[in-house]
Amino acid sequence: MSDVLRAELVRVAGELGAPDVEFTLERPRDPTHGDLATNLAMQVARQVRANPRALAERIIAALALPEGVVSGTEIAGSVFINFRPATETLAAAHARILAGAERYGRSTSGAGRRINVEFVSANPTGPLHVGHGRGAALGDAIAALLEWTGHTVVREFYVNDAGVQIDNLVGSLWARILHQQGHEAALPEGGYHGEYLVETAERWVADRAGAVPGGPADAPPPELRTYVLQAMRAEQDDTLARFGVRFDVIASETDVYHSGKVQQGLDRLAAAGLTYEQDGALWLRTSDYGDEKDRVLRKQDGSYTYFVPDIAYHLDKHARGFDQAIDVWGADHHGYIPRLRGALVALGLPEDWFAVTLVQLVKVVRGGDEVKMSKRSGEFVTLRDLYEETGVDAARYWFLMRRGDSHLVFDIELASARTDENPVYYVQMAHARLTGIFRNAGIEPATVEGTLDLDALGPADHDLLKALTAFPDEVERAARHLEPHRITNYLEELARLVHGWYHGCRVLGEPPAVERSRLLLARAARQVVANGLTLLGVAAPDRM
RNA sequence: ACCCCCGUAGCUCAGCUGGAUAGAGCGGCGAGCUUCUAACUCGUAGGUCGCAGGUUCGAAUCCUGCCGGGGGUACCA
């Protein structure tokens, strides 16, 4: 209905002397205000300096809509014009849900634009912790939202496998190996104290049948580096795979160096006259492009800052043909955004090519007591620990419930609770109950076909259907803002309606016309709940 | 000192980039199982949208200044 209506409103606005007027046409928060409302009269009144109330009347009079689109029109507050859809429109919307099936809610609005979504990108220095989990759930859901809206998406993970931290990692592992052999050995400054390296050390020694080359006086054996990087990466990959997150591309910082792209990037910056030497270091003029100050590219000791490979890496993403790169970062990196964007803009990339979604850190509590996390001390809750306790569905859903830039309190006890305090169970339950109707009737949902007879049904049925038809718009909006929590909010509201409907509107055993139409409605509702959960990477169980 | 995010019901948070009487869950109080799953439903109480100005037909939403919480301001990654 809205497309036809919007086009007609634009035409009428032109007739009234305001052809380019901006106006809204949306579902009002309060359903008693109709199903679609527009502020067109007020907006036109502003431009042509006329009485809004009179204009609203003229607009309504001038509307020429086909039969079966709108059943009612009214003016409210002398500013809004409210529309009610005709039953034909609603029945057609229902038919679109069934026809769309598992694709209902998808659109082509992205027009195949190629988007690179980079997320998690954890350092290969230890197991993934809970904060990575939030980034994983969010990045994956953002990617899914973009896919649902017709973008071509690549999920990418960047491994910072170069730099001092890896030396510290290797040194830490070497110390653990020496401990194993009964030697005294101190962990390096800035080293990693976690228990997991003790286990890695045991495995390494076992793999080599106890033959450890060298002692406390020696440097770590060279092969230790590849070994520990592979071990850490394998652990992370396995944790993510079990969490239902898969990547199309794993990019590595070392590769960016070896491919010569770092040097190419530096050459490009220098050729554009963006760099200068000072105090024995090489600087980039990022302050000309929105950053607070210029940044060092090459340190006095001749090595590069991590900034350099990051620029090269993002230039490489651009060269690979992406129309946009979206990075999901922890909020503690926010100060880094203007710097990287500045560099990319300086090299001629569009301002909005590089976008960052920030995730605030997660506070983990267990029944009210905070669980401290520190990779250094090694006392932390890993992502794996978390979802093994709560289940993958609950963990993913909890990470997505809140806006990325709001602090998240993750109560392990609450998230694993199988009670009504846990929204994920509430939503999944809606799906299970709807499926239960078909199971009790002994029929497959997909075999219930035909046109919905809305005249046989009541207001509660109509309200449920209207909520179902809002799903595609919600997906569109969530994708535009990169905010998956809009989908969880929608699903919780929909689940509330489903439970209420289930309670108040019996299906099986009603008069044939009612039973048939309610089965059709239940099939549509089940589809939309399933699609919403699937989009978020959460299961839609048939029974619980 | 400067920069970024947040501040909405007792608690956890929504609020569709300016719309109508600010919503939900949990918790409180009250009610409801002979009925397709009570992991549920219904009712009810609960608000100076941090504070003060400004912008306009209209502000929780936009602009300014304060207050409070968190994060960031490396030739670390």
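Here is how names work: the chains are called A, B, and so on, in the same order as the sequence lines, proteins then strands, and each is numbered from 1. Bear in mind the structure is a predicted one, so any value in this text is a computation, not a measurement.
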Distance in angstrom units between A:Leu491 CG and B:G25 P, rounded: 16 Å
Got a sec, which pairs hit salt bridge (charged side-chain N to carboxylate O under 4.0 Å, His left out) with one end in residues 325-343 of chain A, sequence neighbours left out? A:Lys317-A:Asp327
Rounded to whole angstroms, how far apart are CZ on A:Arg480 and P on B:U17? 7 Å
Atom CD1 of A:Ile487 to atom P of B:A14: distance rounded to whole Å? 15 Å
Do other residues, nucleotides or ligands put more than 12 heavy atoms under 6.0 Å from the CD atom of A:Glu189? no
Determine the interatomic distance between C1' on B:G18 and the same-named atom on B:G30; round to the nearest Å. 40 Å
N or O in side chain of A:Thr38 less than 4.0 angstrom from B:G19 OP1/OP2: no
For A:His499, all residues meeting side-chain hydrogen bond (donor to acceptor under 3.5 Å, both in side chains), sequence neighbours excluded: A:Arg433
Pairwise C1' distance, B:U44 and B:A52 [rounded to whole Å]: 36 Å
Taking OH from A:Tyr490 and P from B:G15, how many angstroms apart are they, rounded to a whole number? 16 Å
Sort me out a list of protein N/O and nucleotides 9-11 of chain B N/O pairs below 3.5 Å, or just none if empty.
none

Please report, rounded to the nearest Å, how far the P atom of B:A38 is from the CE atom of A:Met544. 13 Å
RNA chain B: 5'-proximal contact among A:His334 and A:Gln165 (nearest heavy atom): A:His334
For the P atoms, the ones on B:A74 and on B:U17, what distance do you get once it is rounded to whole angstrom? 37 Å
Results of salt bridge (charged side-chain N to carboxylate O under 4.0 Å, His left out) for A:Asp542 - residues two or more places apart only: A:Arg526
Looking only at atom C1', what distance separates B:C2 and B:C49, rounded to whole Å? 29 Å
Could you tell me how far apart A:Tyr336 (OH) and B:C75 (P) are, to the nearest whole angstrom? 12 Å
Do A:Gln165 and A:Asn160 pair up side chain to side chain, a donor and an acceptor below 3.5 Å, judged on atom types alone? no
For A:Glu292, answer base if it contacts any base atom (sugar-phosphate contacts may also be present), sugar-phosphate if it contacts only those atoms, and nothing otherwise; contact means non-hydrogen atoms under 4.0 Å. sugar-phosphate
Distance in angstrom units between A:Trp501 CH2 and B:C40 P, rounded: 18 Å
Considering residues at least two apart in sequence or located in another chain, which fulfil the side-chain contact (heavy atoms from CB on, under 4.5 Å) criterion with A:Arg134? A:Val359, A:Gln360, A:Val362, A:Phe399, A:Arg402, A:Ser406, A:Leu408
Strand RNA chain B as a dot-bracket string - pairs counted if Watson-Crick or G-U with both distances under 3.5 Å, | where the partner lies in another strand: (((((((..((((.....[...)))).(((((.......))))).....(((((..]....))))))))))))....
Counting only side-chain heavy atoms from C-beta out, which of B:C5, B:A20, B:G72 sits nearest to A:Asp332? B:G72
Would you mind classifying the nucleic acid contact of A:Ala441 as base, sugar-phosphate or nothing, using non-hydrogen atoms under 4.0 angstrom? nothing
Could you give the distance separating B:U35 and B:A60 at their P atoms, to the nearest angstrom? 48 Å
Against the side chain of A:Arg543, the closest entry in B:U37, B:A74, B:C75 is B:U37
So, is A:Lys299 near the phosphate of B:C76, with a side-chain N or O under 4.0 Å from OP1 or OP2? yes
Assign A:Phe307 to base, sugar-phosphate, or nothing according to its heavy-atom contacts below 4.0 angstrom with the strands shown. nothing
Sorted by first residue and then second, give each salt bridge (charged side-chain N to carboxylate O under 4.0 Å, His left out) pair with at least one member in residues 478-490 of chain A; sequence neighbours left out. A:Glu483-A:Arg486
Mind checking A:Asp279 for me? I need base, sugar-phosphate or nothing, with any heavy atom below 4.0 Å counting as a touch. base
Counting the atoms with a prime plus P, OP1 and OP2 as sugar-phosphate, which does A:His481 contact under 4.0 Å by heavy atoms, base, sugar-phosphate, or nothing? base
Of B:A14, B:C57, B:U37, the nucleotide closest to the side chain of A:Arg439 is B:U37
Between the protein and nucleotides 41-44 of chain B, list the N/O to N/O atom pairs that are separated by less than 3.5 angstrom.
residue, atom, partner, partner atom, Å
B:U41, OP1, A:Tyr426, OH, 2.4
B:U41, O2', A:His503, NE2, 3.4

Answer yes when A:Asp316 and A:Lys261 have at least one side-chain N-carboxylate O distance shorter than 4.0 Å, and no when they do not. yes
With RNA chain B as reference, determine whether A:Arg298 or A:Leu408 sits nearer its 5' end, using the nearest nucleotide of each. A:Leu408
Using a 4.0 Å heavy-atom cut-off across all strands, classify A:Ala45 as base, sugar-phosphate, or nothing. nothing
For A:Asp167, salt bridge (charged side-chain N to carboxylate O under 4.0 Å, His left out) partners two or more places apart: A:Arg225
Suppose you measure atom C1' in B:C29 against the same atom in B:G46; what distance do you get, rounded to whole Å? 11 Å
Quick check against the 3.5 Å criterion: does A:Thr488 have a side-chain atom that pairs as donor or acceptor with the backbone of A:His485? yes
Base, sugar-phosphate or nothing for A:Arg403? Non-hydrogen atoms, less than 4.0 Å. sugar-phosphate
Excluding sequence neighbours, so at least two apart, what forms side-chain contact (heavy atoms from CB on, under 4.5 Å) with A:Asn168? A:Val164, A:Pro188, A:Tyr192
The side chain of A:Arg402 lies closest to which of these nucleotides: B:C13, B:U17, B:C75? B:C13
With a 4.0 Å cut-off on heavy atoms, is A:Glu253 in touch with a base, just the backbone sugar-phosphate, or nothing at all? sugar-phosphate
Give a yes-or-no answer on whether the side chains of A:Asp301 and A:Ser303 include a donor-acceptor pair shorter than 3.5 Å. yes
Rounded distance in Å between the P positions of B:G25 and B:A9: 16 Å
Regarding A:Asn39, tell me which of base, sugar-phosphate or nothing describes its non-hydrogen contacts under 4.0 Å with the strands shown. base
Please, which pairs that meet side chain to side chain donor-acceptor pair (under 3.5 Å) have at least one residue in residues 489-498 of chain A, sequence neighbours excluded? A:Tyr397-A:Glu492
Specify the separation, in whole Å, of atom CD of A:Gln300 and atom P of B:C75. 10 Å
Using the six-membered base ring of B:G19, report whether A:Phe80 stacks on it, requiring centroids under 5.5 Å and planes under 30° apart. no
Would you say the side-chain atoms of A:Trp283 pair up with the backbone N or O of A:Gln278, donor to acceptor, closer than 3.5 Å? yes
Span that lies between the C1' atom of B:G58 and that of B:C66, in whole angstrom: 26 Å
Restricting to side-chain contact (heavy atoms from CB on, under 4.5 Å), what partner residues turn up for A:Leu497, sequence neighbours left out? A:Leu464, A:Ala467
Base, sugar-phosphate, or nothing: which does A:Ala331 touch, judged by heavy atoms less than 4.0 Å apart? sugar-phosphate
